[in-house]
Amino acid sequence: MPEELYCLKPHAYQSLGAPYGDLASPWMLRQDVIRRLLIAQGYLQKIEPQFCLALFDCWRPIRVQKFMYEYAINQECISRGIDRFESAGSSELKDVIESVATFWALPSLDKSMPPPHSTGGAVDLTIATKDGVSLEMGGQIDCMGPISRPDYYFEAAHSNRDSSAHLWHSRRMILLDVMKRSGFVQHPHEWWHFSYGDQLWAWSNNSQAGFYGAVDESDSKSIIN
Ligand SMILES: C[C@@H](N)C(=O)N[C@H](C)C(=O)O
Ligand SMILES: [Zn+2]
C-alpha cells in the first residue's frame, strides 16, 4: 500500500485472530483501486485539506471471510441471548443469519459470486485527520443495524443544522461524493464499504459481471502491497 494511504493499524480482524497466515497481508488492493483511492483522497483534500482517507480493511481471503461471517453470527447470538448450538434450526437463529447476511457476504467459493473483499476490489474506509484520528461518523464500522445505512441521518440532519446528526451526515456524504467521483460504488447498508470492478459495482453499472475474481495467495502478484 503506498504510504500516502493511511491504514488503521493494528488491523481489526487480524487482532481478532482471523486466519491470514504468515504470508498474507490485508493491506492489499488491485492496482487500479489504489490509483482511484489516491484520486478520491485528492478530491477530499480539495474540500478538507486537513483530512485524509483511513483504510480499515482491504483484501480479505475467503477463509478470513468465513472466519468473520461465523464471528458475526456468534456475536449476534450473544447479543440476542441465543445459544447458537442449542438453537440450531430455530427461527431465532434464522433471523440472526439473515441479519448477518445483510452486512457480511457469504464466504462462497463459487467463482461467479466471489465475496467482494476477496477480489481486491472492495475497501472499507473512513475519514481521519492527517495525524491519524478517525472522525466520528455517527456509527462504528461493522455495526450491524440501520444506523450503518449511508443516509441514516438524512432527516435528523435536515431538521437541525446544529446537530451532531448534521455533522455525521455531511461527513458520510463527503466520503460518498469523493469515492463516487473516483468510480466506486457504495454498499446500500454500509456507509464505509466501497468497491470497484466487483459484482456490486457491475450491477450498479448495469453490467452482467464484475471483472475482478477472487484472489488467493497463489496469484497475489496481481495485487500490490
Ligand atoms: C461488514 C463489512 N466489513 C463488509 O465488508 N461487508 C461486505 C458486504 C462484505 O462482507 O463483503
Ligand atoms: Zn467491506
Side-chain angles (χ1 to χ4, degrees), residues 1 5 7-20 24-30 33-34 36-37 40 53-77 79 96-127 134 137-150 152 172 175-176 178-180 182-204 209-216 223:
M1 192 65 69
L5 289 172
C7 298
L8 290 165
K9 293 181 182 172
H11 185 272
Y13 309 154
Q14 266 182 333
S15 302
L16 288 174
Y20 286 91
S25 159
W27 305 117
M28 297 195 289
L29 287 168
R30 300 273 179 176
V33 173
I34 290 181
R36 287 169 187 278
L37 282 174
L53 296 178
L55 310 189
F56 176 87
D57 190 33
C58 300
W59 173 63
R60 196 184 297 157
I62 298 176
R63 60 177 180 280
V64 172
Q65 187 73 26
K66 187 166 183 333
F67 176 94
M68 290 308 304
Y69 188 83
E70 293 297 323
Y71 177 84
I73 293 175
N74 290 338
Q75 290 302 108
E76 195 59 19
C77 282
S79 76
V96 166
I97 294 172
E98 220 169 83
S99 314
V100 167
T102 309
F103 288 89
W104 291 90
L106 269 179
S108 164
L109 293 170
D110 179 343
K111 285 196 172 9
S112 69
M113 43 186 289
H117 285 268
S118 73
T119 69
V123 57
D124 295 336
L125 81 174
T126 185
I127 300 174
S134 297
M137 302 290 276
Q140 298 296 312
I141 292 180
D142 283 356
C143 167
M144 292 201 304
I147 202 173
S148 296
R149 271 199 341 258
Y152 180 78
R172 288 182 182 200
L175 182 61
L176 171 60
V178 301
M179 293 296 283
K180 212 165 139 185
S182 311
F184 292 92
V185 298
Q186 187 180 42
H187 191 286
H189 299 287
E190 302 175 4
W191 60 261
W192 61 83
H193 177 105
F194 293 86
S195 60
Y196 176 81
D198 69 346
Q199 259 187 311
L200 179 66
W201 179 89
W203 289 327
S204 312
F211 44 77
Y212 293 153
V215 183
D216 218 342
I223 54 180

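Ligands are counted one by one from 1 in listed order, and the atoms in each one are counted from 1 as well. Because the structure is a prediction, the values reported are computed rather than measured.
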With sequence neighbours left out, write down each residue that passes salt bridge (Lys or Arg N to Asp or Glu O under 4.0 Å) with Glu190, or none if nothing qualifies. none
Answer key: the N, O or S atom of His193 nearest to the Zn ion (ligand 2) is ND1
Metal check, the Zn ion (ligand 2) vs Glu190 N/O/S, cut-off below 2.8 Å: no
Are side-chain heavy atoms of Gln199 and Thr119 found at a separation under 4.5 Å? no
Excluding sequence neighbours, so at least two apart, what forms salt bridge (Lys or Arg N to Asp or Glu O under 4.0 Å) with Asp57? Arg60
Close residues, ligand 1: non-hydrogen atom nearer than 4.0 Å: Tyr13, Arg60, Gln65, Phe103, Trp104, Ala105, Pro116, His117, Asp124, Asp142, His187, Glu190, Trp192, His193
Any chance CD of Glu70 has more than 12 other-residue heavy atoms, nucleotides or ligands included, within less than 6.0 Å? yes
Asp124 atom (N/O/S) at minimal separation from the Zn ion (ligand 2): OD1
Of Gln65, His187, His193, which meets side chain to side chain contact (heavy atoms under 4.5 Å, CB included) against Pro116? His193
Residue from Trp27, Phe56, Trp59, Tyr20 passing ring pair (Phe, Tyr, Trp, His ring centres under 6.0 Å) with Tyr13: Phe56
For the Zn ion (ligand 2), decide whether His187 has an N, O or S atom at a distance under 2.8 Å. no
Atom pairs and distances, donor-acceptor, side-chain atoms in residues 101-108, under 3.5 Å, two or more places apart:
| residue | atom | partner | partner atom | Å |
| --- | --- | --- | --- | --- |
| Thr102 | OG1 | Glu98 | O | 3.0 |
| Thr102 | OG1 | Ser99 | O | 3.4 |
| Ser108 | OG | Asp110 | N | 3.0 |

Kindly say whether Pro19 contributes a backbone atom to a donor-acceptor pair with the side chain of Arg63 at under 3.5 angstrom? yes
